[in-house]
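Every value quoted in this text rests on a predicted model; they were computed, and no experiment measured them.
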Amino acid sequence: MALRTPWLIAVFAARLASRRCLLVMPALLVAGPAAAQDVERGEAIYRTWCQECHGEDGKGDGPAADRMLPRPRDFVAARYQIRTTASGELPTDDDLMRVMREGLPGTAMPGWPNLSDDEKRDVIAYIKSLSPFFERETPETLERSADPGGGVEEAAVGREIFERLECDRCHGRLGRGDGSSAASLEDWRDLPIRAADLTEPWLFNGGMGADAIHTRFLTGLDGTPMPSNQDALEAEIVTEQDLWHLAHYVASLGPERAPDVDEVVRIERRETLPGGPDDEAWESVRAFYVPLVGQIVEAPRQFSPTVDGVWAQGVHDGSELVLRIAWDDPSNSPDPEWQEWQDRIAATLYADEIEIPTDPLPDLLFVQFPSEVPEGRERPYFLMGDGRDPVYVWLWHSRRGAVEARAAGLGAVEALGSAGSGLAASTKWEAGRWRVVFRRPLATEEEGALGFEEGVPIPVAFFASDGSSGETGGRGAISSWYYVVLQPPTSRAVFVAPLIAMLVTGGLGMFAVRWAQRSVHSEGRG
Ligand code: HEC
Ligand code: HEC
């Protein structure tokens, strides 16, 4: 007991410090979970805010639940995921408080900043009252060893543990949720469940960072096939240290914080364009993250899509444009190995809408632009335009490549004339990630196709479908409108390059290079 509290405070402190809101700390220390809770007040809050998803009796079967995957928690069965307690045990009040504050990223469960801490405690008291288990047990936080820290060597050990414990069986070789068992995973209610994409830690249910990940290893995620590693510890297959190394390794698979989202995707101007999806030249081109959400505006809807975002990179040389779009999708659809998954998802999520074919479906990506460079901030309807203002689309199909199309709504996509404006695409799928490179001349005479101009913001939006999750006919994930801007040539850089050559040959060497790099850099930022 004495040990437990300082540890918890340290974890909270670290979490709060990382969110730059240390001011909340004193309140946390004063108001412990033991403050009076009112089940009746909690029930009133539950009826207003929680029942729609979690159901009238708390069984996770509210009117909105059928469309969700994972389904809302069943508070009567009381299998909780994000705990600091041993596998199979109930969560502490602090655990539940954390979920109420932060929600479960990557799922439909939001955080509740609109409820005060007292109100959160009341509703926690209410959901606990729904299960007899809470009367019988008092859950205890597990003690954990101290973090030995992580470096390159530790990460290498972590990688070895990843293989020893067969994490790749579900999560895949590079962690993108594409392991050999991924297509057949089920939760405790026999519903299909996706293995987390370890390269997108900002969507981890229990939060990102080695500390949170390490806690999940010890506690497991009850109700899911994700095992706790407590048994492996007890059987001495791994040591405490090993699990920390593994946690640091997993943390190293993704960024340290959620990617920034910029409204503008800048298309650099370069002398030489990068080539295919694997060209190393892409590594020096900035990637812009564009989040996608389920298309729920028009039937057929998808509330739990596979694709949660795309990375966009672009370069042009004044006459041609290349755009590389990358996104994670554990299945290279159409894939017969994922047929069972496709059928189970259809039965779980789409029962009341269009029937989906029983053959394996392809993956699709739509890159939408307006048909003409718009004046001001005018943009077509974001779901593939409409009759009044159709969109110009690059339509990519996982087996047929890309064509140019014109769309006047989700169901009204038509390929452009055979010549088009010379769009070409090259594609690669590897270990749970698509990379597609589109290439097109900037100018075009083609009716309905957009001509690209330098320096003008051009709206762009993305729509992605995963065939192996039965996403077809407008079912999939969509972004709002973003902009691409083709950078005009930087006059200074053009002038600086010959100058460097002159100075370097003149013997001024590294000094001149550094000076020039600095000035090009500050120009780029300006
Ligand atoms: C929009 C739907 C939605 C609403 C509204 C909602 N939840 Fe949830 N909730 C979910 C889903 C979905 C999950 C399960 C996610 C998973 O399994 O990963 C969940 C899980 C939970 C959990 C389990 C956490 C764990 O560690 O297992 C708690 C506790 C919870 N919700 C409390 C609440 C409370 C209290 C409210 C009302 C203030 C509420 N939820 C409102 C969708 C919702
Ligand atoms: C039998 C399949 C399976 C194995 C083996 C497995 N996992 Fe998982 N893992 C899952 C599933 C399924 C989820 C997603 C659970 C959910 O959505 O709530 C998950 C989630 C996770 C998460 C995200 C936790 C969070 O907060 O959301 C991490 C990190 C993780 N696993 C790491 C690992 C590591 C490391 C190993 C090896 C020690 C491993 N997993 C072994 C199936 C597995």
Side-chain angles (χ1 to χ4, degrees), residues 168 171-179 182 194-195 197-203 253-255 259 261-262 265-268 270 272-292 305-317 320-335 337-338 361-369 393-404 422-440 460-469 471 476-479 482 484:
D168 56 339
H171 292 287
R173 183 166 56 83
L174 302 180
R176 300 200 189 109
D178 60 317
R194 297 186 170 105
D197 183 337
L198 303 181
T199 66
E200 298 182 341
W202 64 93
L203 299 177
L253 295 173
V261 177
D262 281 308
V265 175
R266 266 177 282 126
I267 310 289
E268 268 179 55
R270 289 192 182 180
T272 0
L273 297 177
D278 271 342
D279 190 336
E280 278 176 15
W282 286 112
E283 281 165 32
S284 63
V285 181
R286 176 158 168 210
F288 293 84
Y289 183 68
V290 177
L292 266 54
T306 305
V307 183
D308 44 52
V310 301
W311 294 90
Q313 294 167 284
V315 181
H316 77 101
D317 62 4
E320 271 192 307
L321 161 78
V322 283
L323 201 59
R324 180 168 85 163
I325 310 297
W327 70 100
D328 286 6
D329 173 347
S331 51
N332 175 349
S333 319
D335 181 351
E337 304 243 315
W338 283 77
L361 294 165
D363 290 334
L364 303 173
L365 179 75
F366 297 76
V367 186
Q368 305 178 60
F369 301 98
V393 178
W394 294 349
L395 164 53
W396 172 88
H397 177 293
S398 51
R399 292 297 177 266
R400 296 186 200 141
V403 293
E404 291 169 272
L423 179 74
S426 51
T427 301
K428 175 147 187 181
W429 185 89
E430 190 186 20
R433 177 167 293 173
W434 282 113
R435 289 190 183 90
V436 179
V437 173
F438 296 96
R439 187 175 182 122
R440 216 207 77 171
V460 63
F462 302 91
F463 181 99
S465 288
D466 167 29
S468 297
S469 289
E471 293 178 355
I478 184 123
S479 76
Y482 284 72
V484 288

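In this structure, the separation between CZ on R399 and OG1 on T427 is 10.0 Å, given to the nearest 0.5 Å. For the atom pair CG of L198 and CG of L253, the computed distance is 6.0 Å after rounding to the nearest 0.5 Å. For the atom pair OH of Y482 and OH of Y289, the computed distance is 9.0 Å after rounding to the nearest 0.5 Å. K428 contributes atom NZ, which lies 4.0 Å from atom CG of D278 (distance to the nearest 0.5 angstrom). For the atom pair W327 CH2 and R176 CZ, the distance stands at 13.0 Å (nearest 0.5 Å). Here the CG atom belonging to L174 is positioned 8.5 Å from the CZ atom belonging to R433, to the nearest 0.5 angstrom.
Nearest heavy atoms, A425 versus V436: CB-CG1, 4.4 Å. Closest approach of D363 to G467, counting heavy atoms only: OD1-N, 2.9 Å. Nearest heavy-atom pair, Q313 versus R286, reported as atom, atom and distance to 0.1 Å: CG-O, 3.4 Å. Nearest heavy atoms, A402 versus L423: CB-CD2, 4.0 Å. For the pair L365 and A464, the tightest heavy-atom approach, listed with the atom from each and the gap, is CD1-CB, 4.0 Å. What you find for V290 and S479 is that their closest heavy atoms are CG1-CB, 3.7 Å.
In this structure the side chain of P334 reaches within 4.5 angstrom of the side chain of P362, judged on heavy atoms. At least one side-chain heavy atom of W282 sits less than 4.5 Å from a side-chain heavy atom of V437. Within the 4.5 Å cutoff, the side chain of W311 has no heavy atoms near those of the R324 side chain. Annotation: side chain of V261 is in contact with side chain of P291 (closest heavy-atom distance under 4.5 Å). Side-chain contact check for I267 versus L323: some heavy-atom pair is nearer than 4.5 Å. W202 places a side-chain heavy atom less than 4.5 Å from the side chain of P259. Between V484 and H316, the closest side-chain pair of non-hydrogen atoms is not below 4.5 Å. With contacts defined as side-chain heavy-atom distances shorter than 4.5 Å, the pair F462/V367 qualifies.
Side-chain atoms of S468 never come within 3.5 Å of backbone atoms of S333 as a donor-acceptor pair (strictly under, hydrogens ignored). A donor-acceptor pair under 3.5 Å links the side-chain atoms of E471 to the main chain of D466, judged by distance alone.
No donor-acceptor contact under 3.5 angstrom links the side chains of N332 and S398, judged on distance only. Judged by distance alone, the side chains of R194 and T306 do bring a donor and an acceptor atom under 3.5 Å apart.
Other residues, nucleotides and ligands contribute only 12 or fewer heavy atoms inside 6.0 Å of the CZ atom of R400.
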Pair L364, W396 - check side chain to side chain contact (heavy atoms under 4.5 Å, CB included), show working.
CA-CA 6 Å; L364 303 173; W396 172 88; 5.6 Å; no

Worked check of side chain to side chain contact (heavy atoms under 4.5 Å, CB included) between E430 and R173:
CA-CA 10 Å; E430 190 186 20; R173 183 166 56 83; 4.3 Å; yes

Step by step, would you call R270 with V285 a side chain to side chain contact (heavy atoms under 4.5 Å, CB included)?
CA-CA 10 Å; R270 289 192 182 180; V285 181; 3.7 Å; yes

Verdict with reasoning, W394 to R440, per side chain to side chain contact (heavy atoms under 4.5 Å, CB included):
CA-CA 10 Å; W394 294 349; R440 216 207 77 171; 4.2 Å; yes

